[in-house]
Amino acid sequence: GTGATIAKLGTGTTTLAKTMTGFTGNIQVSAGQLNVPNDLGAGNITVNDGATLSGEPLLVSTLTLGSTAGGANLVFNPATTGMITASTLTTVGGTPANLIFSSSPSTGLNPVIQYTTFAGTSANFTVPGVYRASPTVINDTATSQIQGNFTAGANLVWTGAASNVWNINSALNWNNL
C-alpha cells in the first residue's frame with residue numbers, strides 16, 4: 001500500500017505481478033532481480049551494486065543506481081513504448097550501471113530513462129552484450145532522457161571462401177554487403 005517499503009533481498013528473481021497503481025512507498029533492491037509492473041508509481045527506488053530492476057515503472061521520485069562501487073542493472077523491453085520516469089536520477093560509484101535490453105532493440109535511439117534532474121553523464125551507463133555494432137549511451141539533455149543508441153550492424157553473408165567450415169573467426173568466410 002501507500003507508504004510501505006518493498007525490500008528485495010537474496011539471490012533469485014521476485015516478480016510483482018499485480019497492479020501497483022496506488023503504491024507510493026520505497027523499493028530497495030539489495031540483491032537478485034525484482035520485476036515490477038509498468039503501472040508502478042513509487043517513492044524512491046534504490047538498486048544496489050550487482051542487483052537488477054526489470055520493468056518500466058511509471059513514475060518514481062528518485063531512482064538511485066548503485067550503492068558503493070556501482071554496477072546496478074536495469075532491464076528494459078525495447079518493444080514497449082514505456083521507460084522509467086524519475087524526478088531525480090542518481091548514480092553511485094565508479095562502475096557504470098548496466099542497461100540490459102530484454103530483446104533486440106531497434107536501430108537508432110531507444111529511450112530508457114526519463115528524468116527531471118540528473119547530475120551524471122552518459123559515462124555512468126553501459127550496454128553489455130554482443131551486438132553487430134557497439135551501442136552507445138546518450139544523455140540527451142534536451143529531452144532529459146538516457147537513451148541507448150544502436151547503429152545498424154554489418155549485413156554479413158557466408159561465402160565459404162577460406163573453407164567450408166562454418167565459423168565466426170575467419171573474416172575470409174564472410175562478406176559485408
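Just so it is clear, the model here is predicted, and its values are computed rather than measured.
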- Task: Check whether any side-chain heavy atom of Tyr115 sits under 4.5 Å from a side-chain heavy atom of Leu63, and report yes or no.
- Result: no
- Task: Output the distance between atom OG1 (Thr136) and atom CG (Asn149), rounded to the nearest 0.5 Å.
- Result: 4.0 Å
- Query: Should Ile27 and Met83 be regarded as members of a common hydrophobic cluster, given that ILVMFWY residues are connected when their side-chain heavy atoms come within less than 4.5 Å of each other, either directly or indirectly?
  - Reply: no
- Query: What is the distance from atom CG of Leu9 to atom CD1 of Ile6, rounded to the nearest 0.5 Å?
  - Reply: 12.0 Å
- Query: So do Asn77 and Glu56 actually touch side chain to side chain, heavy atoms under 4.5 Å?
  - Reply: yes
- Item | pair Thr88-Thr64: side-chain heavy atoms closer than 4.5 Å | no
- Please report the shortest heavy-atom distance between Pro78 and Ser103, naming the atom on each side. CG-O, 3.3 Å
- Query: How many angstroms lie between atom OG1 of Thr13 and atom CD of Gln33, to the nearest 0.5 angstrom?
  - Reply: 4.5 Å
- Message: Tell me the closest heavy-atom pair linking Gln145 and Pro111, and the distance in Å.
- Response: OE1-CB, 3.7 Å
- So, do Ser30 and Lys8 sit near enough that their side-chain heavy atoms are less than 4.5 Å apart? no
- Query: Between Gln28 and Asn48, does any side-chain donor sit less than 3.5 Å from a side-chain acceptor?
  - Reply: yes
- Within the distance-only criterion (no hydrogens, no angle test), does the side chain of Gln114 pair as donor or acceptor with the backbone N or O of Ala86 below 3.5 angstrom? no
- Message: I need the minimum non-hydrogen distance between Ala51 and Val29, along with the two atoms involved.
- Response: CB-O, 3.4 Å
- Query: Thr159 side chain to Ala161 main-chain N or O, any donor-acceptor pair under 3.5 Å?
  - Reply: yes
- Message: Is it the case that the side chains of Thr5 and Asn26 hold a donor-acceptor pair, with the cut-off being a distance below 3.5 Å and no angle test?
- Response: no
- Message: Please determine whether residues Val92 and Val47 belong to a single hydrophobic cluster, defined as Ile, Leu, Val, Met, Phe, Trp and Tyr linked transitively by side-chain heavy-atom distances below 4.5 Å.
- Response: no
- Any side-chain heavy-atom pair of Ile100 and Pro128 under 4.5 Å: yes
- Message: Given 3.5 Å as the limit, does a donor-acceptor pair link the side chain of Thr11 with the main chain of Gly32, or not?
- Response: no
- Item | Atom pair CG (Leu16) and CG (Leu40), whose distance is rounded to the nearest 0.5 Å | 7.5 Å
- Item | Beyond-backbone contact of Ile84 with Leu53, side-chain heavy atoms, under 4.5 angstrom | yes
- Name of the residue among Leu65, Asn98, Ile146 meeting side chain to side chain contact (heavy atoms under 4.5 Å, CB included) with Leu74: Leu65
- Whether Asn44 side chain and Ser61 backbone form a donor-acceptor pair below 3.5 Å: no
- Item | Verdict with reasoning, Asp39 to Thr19, per side chain to side chain donor-acceptor pair (under 3.5 Å) | CA-CA 7 Å; Asp39 64 354; Thr19 183; 2.3 Å; yes
- Item | Main-chain N/O of Phe76 paired to Ser102 side chain as donor or acceptor, under 3.5 Å | yes
- Message: Working note: Thr91 + Phe125, criterion side chain to side chain contact (heavy atoms under 4.5 Å, CB included); need CA distance, chi angles, decisive distance, verdict.
- Response: CA-CA 9 Å; Thr91 56; Phe125 299 93; 3.9 Å; yes
- Message: Side chains of Ser122 and Asn139 only: does a donor on one sit below 3.5 Å from an acceptor on the other?
- Response: no
- What is the minimum heavy-atom distance between Gln147 and Leu109, and which atoms define it? OE1-CD1, 3.4 Å
- Which class fits the ring pair Phe150 and Phe101: parallel under 30°, tilted 30 to 60°, perpendicular over 60°? perpendicular
- Query: Is the shortest heavy-atom distance from the side chain of Ile113 to the side chain of Phe118 under 4.5 Å?
  - Reply: no
- Query: Do Asp49 and Thr68 touch side chain to side chain, with heavy atoms closer than 4.5 Å?
  - Reply: yes
